Q: 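I have a structure here, written as structure tokens, and I will follow up with some questions on it.
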Amino acid sequence: MAFDYDLFVIGAGPGGLAAAKKAASYGARVAIAEQEALGGTCVNRGCTPKKFIVHAADVALQDQLAHSYGWSDCKRHFDWTKFIKSVHQEIENIHGSYLDQLQKAGVELIPSKATFVDPHTIEIHGRKVTADKILIAVGGHPLKPEIPGIEFSISSRQMFDLPYLPKRLAIIGGGYIGVEFSSMMNALGCEVTLIDRDEMILSGFDDDIRSCVQEGLSKRGVKFIGNSTAKEIKFSEECLLLTISDKSEKIITADTILVATGRAPNTKNLGLEKVGVSLGEKGEIKVDEYSRTTQENIFAVGDCTNRMQLTPVAKAEAIAFADTVFGKKQQKVSYDYVPSAVFARPEAASVGMSEAKAKEKFGESVKCYRDRFQPLLLQLTQDEQQATIKLVVEGESERVLGAHMVGENAADIIQSLAVAIRKGITKQDLDETLGIHPTSGEEFHLFE
Ligand SMILES: Cc1cc2nc3c(=O)[nH]c(=O)nc-3n(C[C@H](O)[C@H](O)[C@H](O)COP(=O)(O)OP(=O)(O)OC[C@H]3O[C@@H](n4cnc5c(N)ncnc54)[C@H](O)[C@@H]3O)c2cc1C
Ligand SMILES: NC(=O)c1ccc[n+]([C@@H]2O[C@H](COP(=O)([O-])OP(=O)(O)OC[C@H]3O[C@@H](n4cnc5c(N)ncnc54)[C@H](O)[C@@H]3O)[C@@H](O)[C@H]2O)c1
């Protein structure tokens, strides 16, 4: 049977775009459907606009340091409305450049919602098209707890469209999104209360990292309430009232309530039940190690498969899929040493195993090296904030299983260490490599 396309991609986020371009580079006839804007969550309401806010907040923090560095009269005024307008303009520029890339690659863009009719047929705006292979890259959406008054809260999506900065911000969920926004919004002048059902923020990260970031945020004035869940939100003329269950019940007064309690795959209303694509417990698309679903010609990558919700992971899965199916080079993604960062101040980044995970797997042969120090940048100031670095090693050879850091440039430092750790280096390799002085990164080469 002759199909309209060799590959039809649903969703033009990082996963879908990478797969479409790579498959086209192998000569495949490719179309991609996108119901919103090119770039998906990452470009429009995630990584990119978030990092711009991180930079805006850093300017405010630099102002606080300036006095200690001999500057005076550093008072400046921050205009959120003007700033967020520039962010949206830059995002439009990115859309333009993505469109250009698709055109150059020969990929047809269909700006519409796509749904399945049968395993080889897609419906877009009442029109049916056919494809030999179909890739689902539809991403995810914020999950909100089902509590009375939840409609008065917002998700990270609306944070990028706030008309003005709230005076009091309550955040439910102390994971990546909650911690990043608590840090940025605090630096920009909001009073932030962060709530998590766990005892500490950033579950899943190494405990030393969690406590160091939590301590750093507290020192800056972010109020953290652990072991708590939201019970109810009430609207009043002046504010929102958030009831949380702590040891007892507490009411928090806020102007805006951000819910950041995780994200769920966008797998409803796609017609998946018609085509034999099975879902897991959280609605994620079940795939094998080559991203093939339970239907032979249909594949899925990125957040909708709920493997690791990170942009580089979605891209890597997409490229491995295109290489395997269209490039005839079987490729799978290794999830063992995926570095990640939390762009808070202090910044946190990790690669490999936490101490707890390593001990679970290797028991008593695991050893940790850790150091806490005041970064040079802060030594002239009253800010006693500490940086933390930690290595998790195993066995007599002291093979490095994980590296963790909180402090200035943690993401960039861990990014470089990730290559070496993936290649199986030992602590001695780090000892024998000279550091660059004076930096925080050199501390990884100076453990005793
Ligand atoms: C606030 C926030 C900050 C983040 N920060 C980072 C970060 O700093 N670093 C990092 O690595 N990750 C970050 N992430 C995660 C990252 O954004 C995601 O992991 C990544 O975008 C996943 O890519 P994807 O292609 O799987 O899905 P998405 O980027 O979600 O793209 C899916 C696309 O599919 C489209 N779509 C859905 N259904 C259909 C349909 N039926 N028809 C047509 N189109 C459809 C959607 O409109 C969307 O554009 C962040 C996420 C959030 C929410
Ligand atoms: N820098 C980055 O790479 C980055 C930034 C943002 C988001 N992301 C990705 O997006 C995903 C989603 O982010 P997220 O922060 O929404 O999820 P998350 O899974 O990182 O954190 C959710 C937090 O909410 C808490 N929680 C859940 N239900 C709760 C409740 N009812 N009451 C109180 N607390 C509750 C959990 O204990 C957890 O700490 C992340 O897992 C990550 O993969 C990455």
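Order of listing sets the numbers, starting from 1, for every ligand and every atom in it. Owing to the predicted nature of the structure, the values given are computational and were not obtained by experimental measurement. Values below: all heavy atoms of this structure, side chains included; hydrogens, waters and symmetry mates excluded.
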Q: List the atom pairs, donor and acceptor, that lie under 3.5 Å between side-chain atoms in residues 170-180 and the rest of the protein, sequence neighbours left out.
A:
unit_1	atom_1	unit_2	atom_2	d
Tyr176	OH	Ser340	OG	2.8
Glu180	OE1	Lys50	NZ	2.7
Glu180	OE2	Lys50	NZ	3.4
Glu180	OE2	Phe343	N	2.8

Q: Using a strict 4.0 Å cut-off to heavy atoms of Gly13, name the atoms of ligand 1 that fall inside it.
A: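 Close to Gly13: 25 (O), 29 (O), 31 (O), 33 (C).
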
Q: For Ser112 and ligand 1, answer yes if some heavy atom of the residue is under 4.0 Å from a ligand atom, otherwise no.
A: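 Contact present.
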
Q: Between ligand 2 and the protein, give all atom pairs where both partners are nitrogen or oxygen and the distance is under 3.5 Å, as lines of names plus distance to 0.1 Å.
A:
unit_1	atom_1	unit_2	atom_2	d
ligand 2	1 (N)	Glu180	OE2	2.9
ligand 2	1 (N)	Ala341	O	2.8
ligand 2	15 (O)	Tyr176	N	3.3
ligand 2	15 (O)	Ile177	N	2.9
ligand 2	16 (O)	Gly262	N	2.9
ligand 2	20 (O)	Tyr176	N	3.3
ligand 2	28 (N)	Arg197	NH1	3.3
ligand 2	34 (N)	Arg197	N	3.2
ligand 2	37 (O)	Asp196	OD1	2.8
ligand 2	37 (O)	Asp196	OD2	3.4
ligand 2	37 (O)	Arg197	NE	3.4
ligand 2	39 (O)	Asp196	OD2	2.6
ligand 2	43 (O)	Gln309	O	2.7

Q: Between Ile298 and Leu135, is there a side-chain heavy-atom distance shorter than 4.5 Å?
A: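 Leu135 does not reach Ile298 side chain to side chain.
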
Q: With backbone taken as N, CA, C and O and side chain as the heavy atoms from C-beta onward, which portion of Ile177 lies under 4.0 Å from ligand 1: side chain, backbone, both, or neither?
A: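 The answer is the side chain.
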
Q: Tell me which part of Asn44 gets within contact of ligand 1: side chain, backbone, both or neither, using heavy atoms under 4.0 Å.
A: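 Looking at Asn44 and ligand 1, no heavy atom falls under 4.0 Å.
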
Q: Regarding Lys390 and Asp208, does a basic nitrogen lie under 4.0 Å from an acidic carboxylate oxygen?
A: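 Yes, charged N to carboxylate O under 4.0 Å.
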
Q: Carefully, step by step, assess Arg307 and Thr305 under the rule side chain to side chain donor-acceptor pair (under 3.5 Å).
A: CA-CA 6 Å; Arg307 287 175 277 188; Thr305 61; 3.0 Å; yes

Q: Between ligand 1 and Ser156, is the shortest N or O to N or O distance under 3.5 Å?
A: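 No.
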
Q: My understanding is that we take every heavy atom of each candidate and find the minimum distance to atom 32 (C) of ligand 1. Doing that for Ala137, Gly16, Gly40, which one comes out nearest?
A: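 The nearest heavy atom belongs to Ala137.
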
Q: More than 12 heavy atoms of other residues, nucleotides or ligands under 6.0 Å from CD of Glu199: is that the case?
A: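 Counting other residues, nucleotides and ligands, CD of Glu199 stays at 12 neighbours or fewer.
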
Q: Mind checking ring pair (Phe, Tyr, Trp, His ring centres under 6.0 Å) for Phe181 and listing every partner two or more places apart, or none if nothing turns up?
A: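 For Phe181 the ring pair (Phe, Tyr, Trp, His ring centres under 6.0 Å) partners, ignoring immediate neighbours, are Phe160.
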
Q: Which one holds for Tyr176 and ligand 1: side chain close, backbone close, both close, or neither close, with close meaning a heavy atom under 4.0 Å?
A: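 Near ligand 1, Tyr176 shows nothing, with every heavy atom at 4.0 Å or more.
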
Q: So for ligand 1, is Thr311 a polar contact partner (N or O within less than 3.5 Å, distance only)?
A: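 Yes, there is a polar N/O contact under 3.5 Å.
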
Q: Can you tell me the protein heavy atom closest to atom 2 (C) of ligand 1 and the distance?
A: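 Result for atom 2 (C) of ligand 1: Gly46 CA, 3.5 Å.
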
Q: Of Asn297, Thr130, Asp4, which meets side chain to side chain donor-acceptor pair (under 3.5 Å) against His120?
A: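 So the option named by the test is Asn297.
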
Q: Identify the closest protein heavy atom to atom 29 (O) of ligand 1: which residue and atom is it, and at what distance?
A: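 The closest one turns out to be Thr41 N, 2.9 Å.
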
Q: Give the C-alpha distance, both sets of side-chain angles, the deciding distance and a yes or no for side chain to side chain donor-acceptor pair (under 3.5 Å) between Ser153 and Lys144.
A: CA-CA 9 Å; Ser153 68; Lys144 283 186 173 185; 3.0 Å; yes

Q: Please identify each residue that fulfils side-chain hydrogen bond (donor to acceptor under 3.5 Å, both in side chains) with Thr229, with sequence neighbours left out.
A: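 Partners of Thr229 under the side-chain hydrogen bond (donor to acceptor under 3.5 Å, both in side chains) test: Ser245.
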
Q: When you measure from atom 34 (O) of ligand 1 to each heavy atom in Ser155, Cys304, Gly11, which option holds the nearest one?
A: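 The option holding the nearest heavy atom is Gly11.
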
Q: Nearest protein heavy-atom contact for atom 44 (N) of ligand 1: which residue, which atom, what distance?
A: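 For atom 44 (N) of ligand 1, the nearest protein heavy atom is Gln35 N, 3.2 Å.
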
Q: Would you kindly specify which portion of Val138 sits under 4.0 Å from ligand 1, judged on non-hydrogen atoms: side chain, backbone, both or neither?
A: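 Both backbone and side chain.
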
Q: Does an N or O anywhere in Asp303 fall below 3.5 Å from an N or O of ligand 1?
A: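 Yes; the residue has a nitrogen or oxygen that sits under 3.5 Å from a nitrogen or oxygen of the ligand.
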
Q: Salt-bridge test for Lys104 and Asp100: reply yes if a basic N is under 4.0 Å from a carboxylate O, no otherwise.
A: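 Salt bridge: yes.
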
Q: Identify, for atom 41 (N) of ligand 1, the protein heavy atom at the shortest distance, and state residue, atom and that distance.
A: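 Sorting protein heavy atoms by distance from atom 41 (N) of ligand 1 puts Ala114 O, 3.0 Å first.
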
Q: Between the candidates Pro142, Ala12, Pro14, which shows the shortest non-hydrogen contact distance to atom 23 (O) of ligand 1?
A: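 The residue whose heavy atom sits nearest atom 23 (O) of ligand 1 is Pro14.
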
Q: Identify, by atom number and element, the atoms of ligand 1 in contact range of Pro312, meaning under 4.0 Å from any of its heavy atoms.
A: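 Near Pro312, the atoms of ligand 1 are 11 (O).
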
Q: Just heavy atoms, cut-off under 4.0 Å: does Glu34 contact ligand 1 by side chain, backbone, both, or neither?
A: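 The answer is both.
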
Q: Which protein non-hydrogen atom lies closest to atom 4 (C) of ligand 1, naming both residue and atom, and how far is it?
A: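 The closest heavy atom on the protein side is Cys47 N, 3.6 Å.
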
Q: Between Asn186 and Leu217, is there a donor-acceptor pair closer than 3.5 Å when you use the side chain of the first and the backbone of the second?
A: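 Checked: no pair found.
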
Q: Within a distance under 4.0 Å of any heavy atom of Ala33, pick out the atoms of ligand 1 and give their elements.
A: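 Near Ala33, meaning under 4.0 Å from one of its heavy atoms, ligand 1 has 43 (C), 44 (N).
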
Q: Under 4.0 Å from a heavy atom of Gly302: give me the atoms of ligand 1 that qualify, with their elements.
A: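 Those atoms are 26 (O).
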
Q: Is it true that, when you exclude Tyr164 itself, more than 12 heavy atoms of the residues, nucleotides or ligands shown sit nearer than 6.0 Å to its OH?
A: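 Not more than 12 within 6.0 Å, no.
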
Q: Taking the side chain from Asp198 and the backbone from Ser203, do they hold a donor-acceptor pair closer than 3.5 Å?
A: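 A pair under 3.5 Å: no.
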
Q: For Gly15, is at least one N or O under 3.5 Å away from an N or O on ligand 1?
A: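 Indeed, backbone or side chain, Gly15 has an N or O that close.
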
Q: Are any of the heavy atoms in Lys51 under 4.0 Å away from ligand 1?
A: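 The answer is no: ligand 1 sits nowhere under 4.0 Å from a heavy atom of Lys51.
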
Q: Heavy atoms only: which of Gly139, Pro265, Gly178, Pro339 lies closest to atom 27 (O) of ligand 1?
A: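 Residue with the shortest heavy-atom distance to the ligand atom: Gly139.
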
Q: In terms of side-chain geometry, is the basic nitrogen of Arg370 or Glu355 positioned less than 4.0 Å from the acidic oxygen of its partner?
A: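 Counted as a salt bridge, because a side-chain N and a carboxylate O are separated by less than 4.0 Å.
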
Q: As an exercise, identify every atom of ligand 1 less than 4.0 angstrom from a heavy atom of Cys42.
A: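 Within the 4.0 Å cut-off of Cys42, ligand 1 contributes 17 (O), 21 (O), 29 (O).
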
Q: Is the shortest distance from a Lys or Arg side-chain nitrogen in Lys315 or Glu317 to a carboxylate oxygen in the other one below 4.0 Å?
A: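 Answer for the salt bridge query: no.
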
Q: Do the non-hydrogen side-chain atoms of Ser112 and Gln35 ever get within less than 4.5 Å of each other?
A: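 A side-chain contact is absent here, since even the closest heavy-atom pair is not under 4.5 Å.
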
Q: Are any of the side-chain nitrogens in Arg168 or Glu191 under 4.0 Å away from the carboxylate oxygens of its partner?
A: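 Not counted as a salt bridge, because no side-chain N and carboxylate O are separated by less than 4.0 Å.
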
Q: Give me the ring orientation class for Phe299 and Phe321: parallel if the planes are under 30° apart, tilted from 30 to 60°, perpendicular past 60°.
A: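 Rings of Phe299 and Phe321: tilted, as their planes differ by 30° to 60°.
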
Q: Less than 4.0 angstrom from a charged side-chain N to a carboxylate O is my criterion; do Glu36 and Lys113 meet it?
A: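 A salt bridge is absent here (no side-chain N lies under 4.0 Å from a carboxylate O).
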
Q: For Leu38, does its backbone N or O pair with a side-chain atom of Asn44 as donor and acceptor, under 3.5 Å?
A: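 Judged by distance alone, yes, a pair lies under 3.5 Å.
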
Q: Report the nearest protein non-hydrogen atom to atom 8 (O) of ligand 1: residue, atom name, distance rounded to 0.1 Å.
A: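 The answer is Lys50 NZ, 2.7 Å.
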
Q: Which of the atoms in ligand 1, numbered in the order shown and given with their element, are less than 4.0 Å from a heavy-atom of Phe343?
A: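 Matching atoms, with element in brackets: 8 (O).
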
Q: State plainly whether the residues Asp58 and Arg345 are in salt-bridge range, i.e. N to O under 4.0 Å.
A: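 Answer for the salt bridge query: yes.
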
Q: With heavy atoms of Leu270 as the reference, note each atom of ligand 1 found under 4.0 Å away.
A: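 Listed by number with element, the hits are 41 (N).
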
Q: Looking only at distances, can you tell me whether any N or O atom of Ala314, backbone or side chain, sits closer than 3.5 Å to an N or O atom of ligand 1?
A: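 Between Ala314 and ligand 1, no N or O pair is found under 3.5 Å apart.
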
Q: Just heavy atoms, cut-off under 4.0 Å: does Arg263 contact ligand 1 by side chain, backbone, both, or neither?
A: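 The side chain, only.
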
